[in-house]
Each structure stands twice: as structure tokens, then as C-alpha cells.
Amino acid sequence: MFNVCQSGRPMTFPQLLQQRVAAALTGLGHTLPEGFTAAVDPAADPRFGDYQTNAAMVLAKALKTNPRALATELAGAIDITGLSATPTVAGPGFINFAITAEALQTRLDSLLADEKLGIAPTENPRTIVIDFSAPNVAKQMHVGHIRSTIIGDCLARIARFVGHRVITDNHIGDWGTQFGMVLYGWKRDLNEAALLSDPIRELLRIYKAVNAESKAQEDELKAGDRPDTPVRDACRAELVKLQAGDPENLAIWRRCVDLSLSGLAVVYNKLDIAFDHYLGESFYNDRLPSLVAELEASGLARESNGALCIFMDDSPDAAPFIIRKRDGGYGYATTDLATVEHRLRVWQATDVWYVVGAPQAYHFQQLFDATRRWGLQGRFQHIAFGSILGPDGAMMKTRSGESVGLMEVLEEAEERALAVVEEKNPDLTGDEKAEIARAVGIGAVKYTELSQHRLTDYKFSWDRMLALQGNTAPYLQYSYVRTRSIFRKLDGTEPALAGPYLITEDQERWLALTLSRFAEVVPAVLEDFRPNLLATYLFTLAQAFHSFFEACPVLRAEGQVRATRLALCEATSRVLKTGLGLMGIRTTERM
RNA sequence: GGCUCCAUAGUUCAACGGAUAGAACGGGGGUUUCCUAAACUUCAAAUCUGGGUUCGAUUCCCGGUGGAGCCA
């Protein structure tokens with residue numbers, strides 16, 4: 001009945017409708033303008049119908065005819081057999097479609113038979129390296145890292161789900177200038193006992209102490225109260241020794257990295273996030289001198305004010321990409337070039353996605369420009385996101401230490417969730433409560449990030465980050481729990497799923513339609529890297545389910561009505577679990 | 001100084017150039033002998049400002065105002 005795609009799955013309702021609208025236009029003898037597609041979208045308001053097209057209005061403009069008349073003519077010519085009720089024309093020339101109950105019933109059946117829930121694998125599979133999280137060694141992961149980590153993980157899961165080959169790479173900051181300070185502080189006043197009991201905290205203490213001292217001296221220098229900055233100079237000296245391969249400094253550095261990685265593992269474990277690779281900055285050290293030499297020899301880079309620079313192709317007056325500093329050192333620019341080279345040549349990536357904050361936009365513009373002119377081919381994406389602001393509305397500064405630790409947020413999230421479980425469901429076992437608290441607490445934090453537009457800046461707030469009411473993960477998780485609860489109550493002898501189905505009630509209809517839209521939404525997330533589309537969709541689905549649940553008794557119904565409602569519950573259950581899973585959020589059977 | 005991003009109910013967020021701008025929280029009303037009330041239902045409440053393009057602008061363009069960021 002429905003046209004199918006390559007994988008044998010039925011096309012989505014908008015795809016089918018679009019096909020038929022296009023066929024009708026051709027049948028009417030209209031020559032379509034270049035680039036015209038008969039786009040079909042969900043209707044703005046359910047009162048108008050389920051889907052709408054404004055093709056007649058767009059086309060009427062190009063053909064200089066009356067849109068309303070064209071819409072009427074077109075509506076009459078569309079073959080909607082097995083798909084929609086007779087299309088209606090409304091407003092200036094919208095054509096509205098109402099999917100028939102039969103089509104929804106058939107769709108429900110195919111959804112339940114498909115482990116991918118209607119999502120066709122991409123026809124153009126790519127090899128995508130996703131660069132996200134990227135914390136710095138010897139520093140604490142704070143809330144500022146949360147967006148990259150959670151958004152990156154979600155995009156990786158979705159890209160895999162739709163059939164891309166995905167390589168996740170945590171580009172750890174393990175070779176930055178902060179090591180000068182850490183080394184200096186380590187040698188001067190490391191507390192071994194403290195290092196053993198809480199390594200990250202001790203490293204952070206050293207770093208902060210040295211940083212504060214160095215900064216104070218710099219301020220005094222500026223104010224003319226002091227002729228030199230001995231701490232800063234000593235730190236630089238330590239850094240130079242490290243980079244020159246000094247065995248003692250290398251050993252300390254190695255230990256710092258190892259300690260930090262084990263600290264990070266705890267956080268990632270709590271977050272349920274794993275990486276295929278942890279190739280930090282240091283991995284590329286050996287490549288940097290030859291890379292710079294190549295770029296210089298090829299003429300792409302040239303000297304300017306003692307530094308070796310790549311100037312932007314299209315705007316040569318703009319700030320250049322500095323690949324070797326005046327003092328001979330290498331910065332992020334050089335490391336990033338070596339990194340992208342590795343990803344393209346060794347991993348054979350076709351795409352590289354960088355999930356990094358919006359302030360880095362210019363850096364990536366430079367990086368992509370330089371990479372292309374170097375001759376490396378690939379699709380590069382800076383997937384930017386907005387900043388988490390402090391209470392004053394300005395960005396939180398790591399160095400001043402005012403930002404909140406990520407682990408602290410996750411632990412508080414679990415505690416708050418646990419308190420709610422204790423209150424709502426005291427009879428559960430301790431293990432169950434802990435499992436629920438984890439799913440709900442961590443889920444709430446992830447959902448907060450994923451449910452809003454990634455470019456939005458927001459002020460950090462505990463209550464916002466850890467909210468458990470309203471448009472939050474637990475609302476969705478609770479819908480899932482309700483579906484599972486119904487199936488626990490079946491006696492075990494009756495088949496849970498048995499068509500043919502019969503949809504009659506409004507709430508059933510709306511739920512079935514919403515379920516079918518999962519296949520429309522998931523691929524759309526990757527069009528503009530917008531996880532909030534999936535979050536919004538799942539929230540709509542949960543709302544549809546709760547309304548259905550209140551209005552349509554399942555277990556007290558009989559025959560075909562009961563079978564249909566069970567099928568709707570099962571489909572909701574699977575879509576919610578899968579959809580939440582794509583966001584890295586767990587579900588539990590009870591809560 | 002140059003460039004980039006942002007501005008929507010009291011608050012926090014949505015809205016491929018489409019119809020009467022949609023939610024959540026908070027506020028007001030209602031729903032529990034019935035599959036988990038972490039739920040449902042209902043009411044009030046918003047596009048910073050001035051132009052432009054368009055049949056149609058929260059969305060695109062230009063100028064203000066206000067906020068954030070990047071670069072030197």
C-alpha cells in the first residue's frame with residue numbers, strides 16, 4: 001500500500017504525501033520552477049489537519065496565478081488513496097491532509113515489526129569523527145564542559161543509529177601551558193598524602209595556588225610595584241623543560257595525566273558516556289615540527305612578526321592562524337591541524353564534527369580554511385553551543401574558580417531524585433531506588449541540556465539544572481513506567497500484540513500519529529545538529545500518551561479495542577525507550 | 001575599533017518565511033472507589049524599537065537600543 005524505501009521500510013507520511021503532490025502537479029501539466037519541492041509539513045494546528053503543504057502558494061507566485069484557485073485545482077488532483085481523507089483548501093492556499101485511521105493502523109503495525117521504529121538507514125553513510133568533551137588534565141571538569149559532553153554524545157548516538165560510521169574522540173587537553181604551573185607547584189609544595197586521597201583536588205589546589213601567585217605578580221608588574229614576574233618565568237622554564245623532554249618533568253606529567261584520566265573515568269561512568277579514543281594534544285607532539293615545515297615549504301604559511309602564520313584565504317587582513325609562535329612554541333592551531341590530519345588520513349574520516357563552544361567560532365573558521373588549503377578533503381562542522389553564565393550574566397571563568405564542579409552537579413542530581421523516590425515509592429528495594437535515582441537524576445541533567453536550542457546562553461542555576469517537574473526527563477521516564485506497568489498486569493497467556501487494529505478515539509489517533517513521526521524527527525536532528533528537536537518530540541509523545549492513558553482504559557477494554565490500545569502502549573514504550581536512549585538517558589521499569 | 005551571536009508571557013525555553021506565536025515553571029479553578037496523581041483538565045499572561053522585502057515576517061535585509069563573546 002505504501003511506497004517503501006531501500007531498506008524496505010515504509011516512507012514517512014510527509015514523504016508519501018510529497019510524492020503524491022508532486023505527481024499531481026506533473027499530472028496537471030505544471031512545469032515546476034528550479035529547486036521547487038512540494039514540501040509537506042506537520043500542520044501548525046491539529047484543527048487544520050495532520051499535514052499541510054503550501055506548495056500551491058509557492059508555485060502560484062512563480063506562475064503568477066491565483067494561489068487559492070491553484071490550491072483547489074491541485075487538491076482535487078492529488079491521489080490520496082489509502083493515505084488521507086479528501087484534502088481541504090484553507091486560508092490563502094494551504095492544502096491540509098488528515099491521515100486516515102486505516103493508514104495509522106497499518107503504520108502502527110509496521111512500527112511494531114521494526115526494531116528501528118520506522119527509521120530508514122541513511123542512503124549516504126559517512127565516516128564521522130566527533131570531537132567532544134575535551135577536558136583539560138589537572139583541572140576539574142566543571143559545568144562548562146557539560147554541554148559539549150552531553151550534546152556530543154547524543155549526536156554520536158543518533159548518527160550511529162541512522163547508519164553512519166562514528167568515531168568518538170576525546171581530545172584531552174594534556175599538553176597546555178597549565179603544565180608549567182602544575183610542574184612548578186608540584187616541585188615546590190606537593191602534598192603526597194593529599195594526592196593519594198584525592199588526586200584531582202590536589203592537582204587543582206597546586207594549579208590554583210600557582211596561578212593566583214603568578215597573576216598577583218603580573219598585576220604588580222603592571223602597576224609598577226615590581227620589576228619582574230619570577231613565578232611566571234619559573235613556570236615557563238618548567239614548561240620548556242617538559243617540551244624538551246626532560247625526564248623528571250615528563251615523569252611528573254605522565255603521572256598527572258594518568259591521575260586525571262582515572263578521575264575523568266568516574267565522571268564519564270556516571271554519565272554513561274564512552275569514547276572510542278582518547279587522543280590528547282600530546283599525542284601529536286612529534287608531528288608538529290615536520291608539519292610546520294611542510295606548511296612553510298608549500299608557501300601556505302609565512303613569517304610575520306617573527307611568528308609563522310597562515311592568513312585567511314578570503315580575508316587576508318583578518319587575524320592569522322599562528323602555527324608557530326614567536327618564541328618557537330606551538331599552540332592549539334598547530335595541534336588541531338595535526339589532529340585533523342590524523343583523523344582524515346588514518347581513520348579515513350569523511351566528516352569531522354567539533355562540539356565546542358561558540359566563542360571558538362573564529363578559531364574553527366581558520367582551522368577549516370587552513371585545512372582545505374593544505375589539501376585535506378572532508379566536511380568539517382563546528383557544532384557550536386552557547387555559554388553557561390554565572391549569576392552576573394557573564395561567562396563563568398575557570399581560573400577564578402567560581403564555576404561549579406560537574407561531579408558535584410551529578411551527585412546532587414541523584415540525591416534530589418532519591419529523595420523524590422523515597423517519598424513517592426517507599427516500598428521499592430534500596431537497589432531499585434538507587435537505580436531509579438540514577439536514571440532520573442542523570443537523565444534530568446542531560447535532558448536540561450538537550451531540550452533547549454544549543455546556541456542559547458543560560459545562567460547556571462541548581463534548580464534549573466536539576467528540575468524534576470514539567471518538561472523534564474522524569475516526565476518522559478514516567479510515561480515509560482506507565483506503559484510497562486500495564487504489561488506487568490497481563491496474565492501472561494494472552495498475546496500482547498495482535499492486529500488488525502482499530503483506532504477510534506481522538507487520543508488514540510493523536511498518539512498513533514505522534515508515534516509515526518519518530519521516523520521524521522530523528523533524521524532531522526542531524527540536519528542542523530539540533531537534539532532539542534528530539535527532546536521536544538519525545539515530550540509531545542509523552543503528553544499524547546498521558547492524555548491517552550487518562551482517557552482510554554486499556555485493561556478494562558475488550559477485543560480489538562484492547563488489542564489496539566496494548567499495541568499503542570507497546571509502541572509508545574519502545575519509542576520512548578529508544579528515543580531517550582538516543583539522548584543517553586536511561587529508563588526504569590518502575591519509579 | 002573590526003567581526004560574531006543573542007533579545008518572545010512574571011520566570012525558563014519552543015516555533016523549515018505560513019493560518020488564532022506553542023510549552024514548562026510559577027499563579028487561579030477542577031479531576032483519585034478505575035492500568036502508578038512524578039499524571040490529567042481548565043483560565044489569565046509575550047514577539048526590544050524604527051524602517052524595508054513579501055500575498056504573508058518572531059524568522060530574511062538595513063538602522064537604533066540592550067546583553068554576551070571573539071580578534072588586535
Side-chain angles (χ1 to χ4, degrees), chain A residues 14 37 39-49 52-54 57-58 60-61 64 66-68 90-94 96 312 315 317-322 357-366 384-387 389-390 392-395 417 420-421 423-425 427-428 436 440 444 448 451-453 455-459 461 463-465 467-490 507 524 527-528 530 532-533 535-537 539-540 542-543 545-557 562 565-566 569 589-591:
Chain A
T37 53
V40 174
D41 297 305
D45 188 313
R47 276 171 297 183
F48 300 131
Q52 64 175 51
T53 180
N54 58 9
M57 290 186 288
V58 176
K61 186 187 282 188
K64 300 200 189 327
N66 181 321
R68 180 84 196 197
F94 291 102
N96 293 315
M312 295 281 276
S315 50
D317 296 334
F321 204 42
I322 299 176
Q360 302 291 321
Y362 186 61
H363 169 77
F364 284 107
Q365 219 177 305
Q366 291 179 310
F385 52 84
S387 306
L389 309 175
D392 57 351
M395 274 181 76
V420 178
V421 190
E423 177 201 326
K424 304 269 183 192
N425 232 328
D427 297 335
L428 296 172
I436 293 163
V440 168
T448 301
S451 61
Q452 73 185 329
H453 192 112
L455 285 172
T456 307
D457 292 343
Y458 67 89
K459 286 186 195 175
S461 135
D463 286 339
R464 169 204 172 78
M465 186 71 81
L468 302 175
Q469 296 293 317
N471 184 359
T472 61
Y475 180 84
L476 311 188
Q477 290 165 321
Y478 180 62
S479 317
Y480 177 80
V481 164
R482 282 181 142 186
T483 64
R484 299 328 303 158
S485 175
I486 285 176
F487 287 98
R488 273 198 300 275
K489 292 204 156 57
L490 293 181
Q507 289 86 352
E527 280 169 20
D528 194 32
R530 294 273 307 275
N532 68 311
L533 297 178
T536 301
Y537 164 74
F539 182 64
T540 306
Q543 280 183 315
F545 176 74
H546 284 304
S547 293
F548 158 83
F549 188 91
E550 299 286 337
C552 305
V554 177
L555 297 176
R556 281 189 290 126
R562 178 184 168 103
R565 291 178 181 177
L566 279 171
C569 287
E589 298 298 301
R590 290 170 225 266
M591 54 187 279

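So you know, we letter chains A, B, ... as the sequences are listed, proteins then strands, and number each from 1.
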> How many Å lie between CD on A/Gln507 and P on B/A39, as a whole number?
Replying inline: 18 Å
>> Going by ring pair (Phe, Tyr, Trp, His ring centres under 6.0 Å), name the residues that satisfy it together with A/Phe549, two or more places apart in sequence or in a different chain.
In response: A/Phe545
> When rounded to the nearest Å, what value does the distance between C1' atoms of B/G69 and B/G26 take?
Replying inline: 32 Å
> Can you tell which of B/G69, B/C71, B/A39 lies closest to the side chain of A/Ala319?
Replying inline: B/C71
> If you measure from the P atom in B/G18 to the same atom in B/A24, how many Å do you get, rounded?
Replying inline: 23 Å
>> With heavy-atom distances below 4.5 Å as the criterion, would you say the side chains of A/Arg482 and A/Cys569 are in contact?
In response: no
> What integer distance in Å separates A/Arg482:CZ from B/C34:P?
Replying inline: 14 Å
> Expressed in whole Å, how much space separates the P atoms belonging to B/A7 and B/C13?
Replying inline: 11 Å
>> So A/Phe539, base contact, sugar-phosphate only, or nothing? Heavy-atom distance under 4.0 Å.
In response: sugar-phosphate
>> A/Tyr362: which residues meet the ring pair (Phe, Tyr, Trp, His ring centres under 6.0 Å) condition with it, sequence neighbours left out?
In response: none
>> Closer than 3.5 angstrom, by distance alone: can the side chain of A/Gln366 be matched with the main-chain N or O of A/Pro320 as a donor-acceptor pair?
In response: yes
> Between A/Met591 (CE) and B/A37 (P), how many Å, whole number?
Replying inline: 12 Å
> Whole Å only: how far is the CG atom of A/Asn66 from the C1' atom of B/C55?
Replying inline: 10 Å
> Which nucleotide, in any strand shown, forms a Watson-Crick or G-U wobble pair with B/U54, with both distances under 3.5 Å?
Replying inline: none
>> Rounding to an integer number of angstrom, what distance separates B/U58 and B/U8 when you compare their P atoms?
In response: 15 Å
>> Could you measure the distance from the CD atom of A/Gln477 to the CG atom of A/Leu468? Nearest 0.5 Å is fine.
In response: 9.5 Å
> Taking OH from A/Tyr362 and P from B/C5, how many angstroms apart are they, rounded to a whole number?
Replying inline: 15 Å
> When you match A/Ala542 and A/Thr472 each to their closest nucleotide on RNA chain B, which lands nearer the 5' end?
Replying inline: A/Thr472
>> Using atom C1' in both nucleotides, what's the gap between B/C62 and B/A44 to the nearest angstrom?
In response: 38 Å
>> If you compare every side-chain N and O of A/Gln469 against the phosphate oxygens of B/A39 (OP1, OP2), does one of them come in below 4.0 Å?
In response: yes
> How far, in whole Å, is B/C43 from B/A37 if one measures between their P atoms?
Replying inline: 23 Å
> In the strands shown, is B/U4 matched to any nucleotide by a Watson-Crick or G-U wobble pair with both distances under 3.5 Å, and which?
Replying inline: B/A68
>> Once ring pair (Phe, Tyr, Trp, His ring centres under 6.0 Å) is applied, do any residues pair with A/Phe321, and if so which ones, sequence neighbours excluded?
In response: A/His363
> Taking N and O atoms by type only, does the side chain of A/Arg556 place a donor or acceptor under 3.5 Å from a partner on the base of B/C34?
Replying inline: yes
>> I'd like the P distance from B/U32 over to B/U49, given in whole Å.
In response: 45 Å
> What is the distance, rounded to the nearest whole Å, between atom CD1 of A/Ile322 and atom C1' of B/C71?
Replying inline: 11 Å
>> Base contacts versus sugar-phosphate-only contacts with protein, heavy atoms under 4.0 Å: please encode nucleotides 12-20 of chain B as B, S and - from 5' to 3'.
In response: SSSSB-BBB
> What is the base-pairing partner of B/U59, counting Watson-Crick and G-U wobble geometry with both distances under 3.5 Å?
Replying inline: none
> Among B/C40, B/C35, B/A38, which nucleotide sits nearest the side chain of A/Tyr475?
Replying inline: B/C40
> Given atom CD of A/Gln477 and atom C1' of B/A38, what is their separation to the nearest angstrom?
Replying inline: 10 Å
> ring pair (Phe, Tyr, Trp, His ring centres under 6.0 Å) with A/Tyr478: which residues, sequence neighbours excluded?
Replying inline: A/His546
> Among the nucleotides B/A24, B/C35, B/A38, which one has an atom lying closest to any side-chain atom of A/Ile436?
Replying inline: B/A38
> Base, sugar-phosphate, or nothing: which does A/Pro553 touch, judged by heavy atoms less than 4.0 Å apart?
Replying inline: base
>> Can you measure A/Leu389 atom CG to B/A7 atom C1' for me and round it to whole angstrom units?
In response: 14 Å
> With A/Asp41, which residues qualify under salt bridge (charged side-chain N to carboxylate O under 4.0 Å, His left out), at least two apart?
Replying inline: none
>> Please name the nucleotide paired to B/G22 by Watson-Crick or G-U wobble geometry with both distances under 3.5 Å, or report none.
In response: B/C13
> When rounded to the nearest 0.5 angstrom, what distance separates CG in A/Leu533 from OG in A/Ser451?
Replying inline: 11.5 Å
>> Applying a 4.0 Å non-hydrogen cut-off, can you work out what A/Ala361 is touching in the nucleic acid: base, sugar-phosphate, or nothing?
In response: nothing
>> Please give the distance between the C1' atoms of B/A9 and B/G17 as a whole number of Å.
In response: 24 Å
